[in-house]
Amino acid sequence: MKRWTRVAAVTAAAALTMGLAAPLAQASDDRTEGLPRGARLSCRAGMVEGTPTAACQWSVGVAEYSGVELWRGTGESGELTRVKVFETSDPTVKTTTDTTIEVGKRYGYVLVVLGPEGNPRAVSNLSVVGVAPPVERLQMVCRRAAERTIRCEWSAPQHPNASSVTLWATVDRGARRELVTLDPAAAGSFDFEVPNGAAVVRMALVSYNANDQVVGRSPVLLFHVGRPRR
């Protein structure tokens, strides 16, 4: 089963980097290609009074310039829509907030520094941000059913987009393992037999939508099962 993992996020960020390294204007006039780095940009996404926003701040290292433009690129796999979200000729302005972003999407921002004639003179680094959609808190109870058995029971997810639910376990410091998946998502139970020699088990329930994106998760439940008696 595919998962929307950190690997996917890194791939998307790389695609954005390659896309925004190309001309930033939709007209593809090559006006920014090959420009030196002349500014530092930092953007942070979050929710403000229920609205997703990206707050950006920057510093310009170019001695003489007439203004700056803030450009935003979207999309994964390099299919980007590039728009100019802010511009100013006031050198004292170092921040702006983009209130036109959407939850669940990733955005890459680049600052273009304009020279005295108004032509692009330098660019900033790429700052990639996104606001993750809210997730449901799943209800799950796990208990020791026997000395080396952990029984977990859970309620059906209530998120309207939940299409599957997976019970995960981590034994000691090992990799996370998938114990059972219900597709479509539903209430269920599972008995996990703790491997011999294991001392600590962590259990968690996660629900996914049709695109394998996380839409719900339970708290991580920790069990100290101890070493088996000899």
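From a predicted model like this one, the values you see are computed outputs, not experimental measurements. Position 1 is the first residue of the sequence, and the numbers go up from there.
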Closest approach of [X] to [Y] (non-hydrogen atoms, all atoms of both residues):
{"X": "Ala39", "Y": "Leu111", "value": "CB-CD2, 4.0 Å"}
{"X": "Arg177", "Y": "Pro195", "value": "NH1-CG, 4.2 Å"}
{"X": "Val103", "Y": "Pro134", "value": "CG1-CD, 4.3 Å"}
{"X": "Pro219", "Y": "Leu138", "value": "CD-O, 3.9 Å"}
{"X": "Gly130", "Y": "Ala45", "value": "O-CB, 3.7 Å"}
{"X": "Ala187", "Y": "Leu182", "value": "O-CD1, 3.6 Å"}

With heavy-atom distances below 4.5 Å as the criterion, would you say the side chains of [X] and [Y] are in contact?
{"X": "Thr149", "Y": "Phe192", "answer": "no"}
{"X": "Val113", "Y": "Pro120", "answer": "no"}
{"X": "Val165", "Y": "Trp154", "answer": "yes"}
{"X": "Leu179", "Y": "Met203", "answer": "yes"}
{"X": "Arg37", "Y": "Asn125", "answer": "yes"}
{"X": "Val60", "Y": "Tyr65", "answer": "yes"}
{"X": "Arg44", "Y": "Val129", "answer": "no"}

So, [X] side chain and [Y] main chain: donor-acceptor pair closer than 3.5 Å or not?
{"X": "Ser127", "Y": "Cys43", "value": "yes"}
{"X": "Asp172", "Y": "Ala198", "value": "no"}
{"X": "Arg137", "Y": "Arg217", "value": "no"}
{"X": "Ser163", "Y": "Tyr208", "value": "yes"}
{"X": "Asn209", "Y": "Asn211", "value": "yes"}

Handout entry: Residue Arg40 excluded, over 12 heavy atoms near CZ under 6.0 Å
Key = no
Problem - Glu193 atom CD: more than 12 heavy-atom contacts under 6.0 Å - result: yes
Shared ILVMFWY cluster between [X] and [Y], side chains joined below 4.5 angstrom?
{"X": "Val215", "Y": "Met140", "result": "no"}
{"X": "Tyr109", "Y": "Val68", "result": "yes"}
{"X": "Met47", "Y": "Ile101", "result": "yes"}
{"X": "Val220", "Y": "Phe190", "result": "no"}
{"X": "Val93", "Y": "Val62", "result": "yes"}

Distance (rounded to the nearest 0.5 Å) between [X] [atom1] and [Y] [atom2]:
{"X": "Glu136", "Y": "Ser218", "atom1": "CD", "atom2": "OG", "value": "10.5 Å"}
{"X": "Leu205", "Y": "Thr166", "atom1": "CG", "atom2": "OG1", "value": "8.0 Å"}
{"X": "Ile150", "Y": "Phe223", "atom1": "CD1", "atom2": "CZ", "value": "5.0 Å"}
{"X": "Leu70", "Y": "Thr88", "atom1": "CG", "atom2": "OG1", "value": "11.5 Å"}
{"X": "Leu35", "Y": "Ser124", "atom1": "CG", "atom2": "OG", "value": "11.5 Å"}

Handout entry: Glu153: partners by side chain to side chain donor-acceptor pair (under 3.5 Å), with sequence neighbours left out
Key = Arg151
Practice task
Decide whether a cation-pi geometry holds between Arg176 and Trp168; the criteria are a distance under 6.0 Å from NZ or CZ to the six-membered ring centre and an angle within 45° of the ring axis.
Solution key: yes
Practice task
May I have the step-by-step check of side chain to side chain donor-acceptor pair (under 3.5 Å) for Gln57 and Ser42, ending in yes or no?
Solution key: CA-CA 5 Å; Gln57 61 181 10; Ser42 176; 4.8 Å; no
Practice task
Any pair with a residue in residues 86-105 that passes salt bridge (charged side-chain N to carboxylate O under 4.0 Å, His left out), sequence neighbours left out, goes on the list, sorted by first then second residue, please.
Solution key: Arg72-Asp98, Lys84-Glu87, Glu102-Lys105
Exercise for the section: Report the C-alpha separation of Arg202 and Leu221 in whole Å, then their side-chain angles, then the decisive distance to 0.1 Å, and conclude whether the side-chain contact (heavy atoms from CB on, under 4.5 Å) test is met. Expected result: CA-CA 5 Å; Arg202 293 173 174 84; Leu221 303 182; over 6 Å; no
Exercise for the section: Any chance you could pull the hydrophobic cluster mates of Leu222, using side-chain heavy atoms under 4.5 angstrom and chaining through other members? Expected result: Val200
